[in-house]
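Contents: one structure, followed by commentary.
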There are 2 protein chains.
Amino acid sequence: MDEGDQALPAAGAESPRRVAAVPAQSAAPDAAAAADRVAGAGRPAGVGRPAGAGRAMGAIRAAGIKEVAAAAEVSLGTVSNVLNRPQLVSPRTRARVERAMEELGFVRNESARALRAGSSRILAYVMLDPSNPFFTDVATGIEEVAGAADLSVFLCNSGEDAAREARYLDLLLEQRVQGVLITPVDAANERLRTLPARGTPVVLVDRVAGAGEGCSVSVDDVLGGELAATHLLERGHERIAFVGGPDTLSQVRDRRDGALRALERAGLPPDRLTVLATGALTVAEGRGAAERLIGLPAARRPTAAFCANDLVALGLLQMCVGLGVAVPGDCAIVGYDDIDFAAAAAVPLTSVRQPRRLLGRTAAELLLDEANNPTHEHQAVQFTPELVARASTVG
Amino acid sequence: MDEGDQALPAAGAESPRRVAAVPAQSAAPDAAAAADRVAGAGRPAGVGRPAGAGRAMGAIRAAGIKEVAAAAEVSLGTVSNVLNRPQLVSPRTRARVERAMEELGFVRNESARALRAGSSRILAYVMLDPSNPFFTDVATGIEEVAGAADLSVFLCNSGEDAAREARYLDLLLEQRVQGVLITPVDAANERLRTLPARGTPVVLVDRVAGAGEGCSVSVDDVLGGELAATHLLERGHERIAFVGGPDTLSQVRDRRDGALRALERAGLPPDRLTVLATGALTVAEGRGAAERLIGLPAARRPTAAFCANDLVALGLLQMCVGLGVAVPGDCAIVGYDDIDFAAAAAVPLTSVRQPRRLLGRTAAELLLDEANNPTHEHQAVQFTPELVARASTVG
DNA sequence: CCCCTTTAATGAAAGGTTTCAACGAGCGTG
DNA sequence: CACGCTCGTTGAAACCTTTCATTAAAGGGG
């Protein structure tokens, strides 16, 4: 931030967008920065100074309950009562206190409140991948419930990285959050057990809780996989590819197992399912899988693909179309999650829909129950998925 | 949660996935719930109880610094030193204290720390729409910088709703967060000025700060619009549609103005730009715009469309392909943001790329500077966008 | 007119951490 | 041997709110 300044025109410049000659910037040229700068994007075009700007103005030390009490000529406890139990305070005094708060610009200090209360009014949702609309929809459901209970939601992004996940969980414990909702990367993470033991309830989202692991909310992924594969079998496909990974994700395993179950029911041998493993559930990995799929000898090449999620399916779809493989003619495709982009793809994607918002809402409700209800019983709630057929399978 | 229980089989059931006969569930059938339940998805398939589950076990009251001090037979201040200034403590004592912390399972209480420090170790990013990958990428950049400074990032979703935005800002002020990064819905929100006045720095993201408004980091949207339109003009299009809205978003206005500037430079009258306004920047709105576009009389129908963001462009693209309008043959399309899905669309989308991660990183750096550097000067940093040409314009 | 009840307001304690001035011990120097 | 230093440790105060037992005042009934 510093170097950019000296080359600026005289201080007090009026134009906020004035272009400075010096492009230097404290955004250090680290590896990550370099990635974004590829192809020339990202060089700051201008560094200006908004009119009237100067050094940060000295912040007025925030007025506390004490100052308010003094201004309203009441005791400290009375101010607290106005905030928390207004019905105990006479209308006259209440008005006086409220006026004082107004005048002093009083803002409650949540830290002090949380310290006193022993826990902060925050729920956290640790998610695998915020760029996957599935998780943001779940988050929306969580926010609905949390908002109604006057709690805020702290969204944390584990990025499918176990270490980051662990770091966030530690952090949340330090914050004494009311509870944690999590779609874990690593089901074996000991913190999933130590947090509840230390008084911070944890609810698993999109994952089934094992013995003694507390509450969970999930969708029957085995059934979802079966629905997808059955749909393809019914449309006459007898060789199916399963595209997804890594195998450490239970969602991937379950969906694949469901597909195998469908084959079995149809009386077909399990080797009719060709597994194409991917390193992650992303669009890029889907594209990569397409090349492998198309590279298979024609005799063994599946005529349909079931992908572990929609991102992978969209990548696969794009590559197929690009390489001249007709969808669904040469290769039918089924995704999973039914994200908005699934319907929006140029060949709208058949997908397995999950009740995403409801998933989030239910999880949040279980969490609140666990946090507040002393007679809480752990539950593993499981919802039913549903197949949405679109053009990628129905020619 | 309550009704689900009584119909369960005998307590102590071992199977976590046991199916209960009673589908009832405390997830109330409110309006939002109903939306998700459309088409039958969302009915809980089962409510089970993980083996070994019971009422929440009484949490052990967390050990504090005091207990640790007692256990290690040192003073309270020494424990604090071990945590914050370990070099001041002799190795012997430090080891003793660390062992005590280990044994007691000591976890720092962030609330107390924040109370004492006057601010919590949290940055917040208030974003318009977490389901738009543009914002999650910006968030990733912010997290990189915050993580390096040992701060956590609180992600807040305003959902393009001014009231929610206001509520979050109030909340963040109460939390005494270190600073707020925001892509505001409502540039006129007075809180954008009151927060800094109360000592919480605010940096605008993807929006240019006006006079006396503090720091901002943005991309030159006018230039971006110009790049997009120029690209289309160079490819021979002389009637262009601009698809986007609402007009209250400065991004929309600027990008449109940039397109107009391109027309002007090319010596064409401004009425060659047909504006198709949308209510939001979503896939669904893009689809709707497609119908209006195709409905125009052939003589006035543009041969190309420039969309205010990629979501709108993808919706438009999908609908065009679905309705038999060849892309780019009958209608070329340019998007904005270059989100991953843009390249992944079946007709890969030409788009205007913004340095998203860098945007986030720079914003976070400005914020940290403002929070920590007493000689901080407000800056309006602006980056340059870049056009990425793909098949949706290049036949 | 006094006592008892109800209502309103008070003051102090507690919650866990950080900071800082002060203290004591050990050591080298004069 | 005494002085002054440094190093390691200490104890208390401060941060701001909430809670609760207590006091004071007002009102009603006997």
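Letters A, B, ... mirror the listed sequences (proteins, then strands); counts begin at 1.
- Here B:S111 lies out of heavy-atom contact (under 4.0 Å) with every strand.
- Atom CG in A:L88 sits about 11 Å away from atom P in D:dT19, given to the nearest Å.
- No side-chain heavy atom of B:V203 sits less than 4.5 Å from a side-chain heavy atom of B:V180.
- Phosphate proximity of C:dA8 to A:S90: absent, as no side-chain N or O sits under 4.0 Å from OP1 or OP2.
- Straight-line distance from the CZ atom of A:R92 to the P atom of D:dA25: 16 Å, rounded to whole Å.
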Could you walk me through whether A:Y125 and A:T183 pass the side-chain hydrogen bond (donor to acceptor under 3.5 Å, both in side chains) test, one step at a time?
CA-CA 8 Å; A:Y125 177 37; A:T183 304; 3.3 Å; yes
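- In this pair, B:F154 and A:F154 present their aromatic rings parallel. The plane angle is below 30°, not in the 30 to 60° band.
- With rounding to whole Å, A:R94 atom CZ is found 14 Å from C:dA9 atom C1'.
- Closest non-hydrogen pair, A:V185 versus A:S158, comes out as CG2-OG, 3.6 Å.
- At a threshold of 4.0 angstrom between heavy atoms, the contacts of B:N81 include nucleobase atoms, whether or not backbone atoms are also involved.
- Distance CZ (B:F106) to P (C:dT17): 4 Å, rounded to an integer number of Å.
- OP1 or OP2 of C:dT19 has not a single side-chain nitrogen or oxygen of B:S80 nearer than 4.0 Å.
- Following rounding to the nearest Å, A:E67 (CD) and D:dT17 (C1') show an atom-to-atom distance of 13 Å.
- Among the atoms of the strands shown, only primed sugar atoms or phosphate atoms (P, OP1, OP2) are found under 4.0 Å from some heavy atom of B:V89.
- Judged by closest nucleotide on DNA chain C, A:L76 is the one of B:E110 and A:L76 placed further toward the 5' end.
- As rounded to whole Å, 21 Å separates atom P of C:dG15 from atom CD of A:Q175.
- Annotation: side chain of B:V217 is not in contact with side chain of B:V205 (no heavy-atom distance under 4.5 Å).
- Across all strands shown, A:V74 has heavy atoms under 4.0 Å from sugar-phosphate atoms exclusively, and none from any base.
- Checked by distance alone, B:R113 brings no side-chain donor or acceptor within 3.5 Å of a matching partner on the base of C:dT17.
- Partner of A:R85 under the side chain to side chain contact (heavy atoms under 4.5 Å, CB included) criterion, out of A:L88, A:V89, A:L83: A:L88 alone.
- Within the structure, a side-chain polar atom (N or O) of B:R108 is placed less than 4.0 Å from OP1 or OP2 of C:dT18.
- Side-chain nitrogen and oxygen atoms of A:R116 include none within less than 4.0 Å of the OP1 or OP2 phosphate oxygen of D:dC15.
- Within the structure, every side-chain polar atom (N or O) of B:S75 is placed at least 4.0 Å from both OP1 and OP2 of D:dG11.
- Along DNA chain D, the nucleotide nearest B:P91 and the nucleotide nearest A:V79 are compared for position; the residue whose nucleotide lies closer to the 5' end is B:P91.
- The distance from atom CZ of A:R176 to atom C1' of C:dT17 is 11 Å, rounded to the nearest whole Å.
- Listed nucleotides C:dT17, D:dT17, C:dA8 differ in distance to A:N109; the shortest reach to its side chain belongs to D:dT17.
- One atom, CG of A:L115, and another, C1' of C:dA13, lie 13 Å apart when rounded to the nearest Å.
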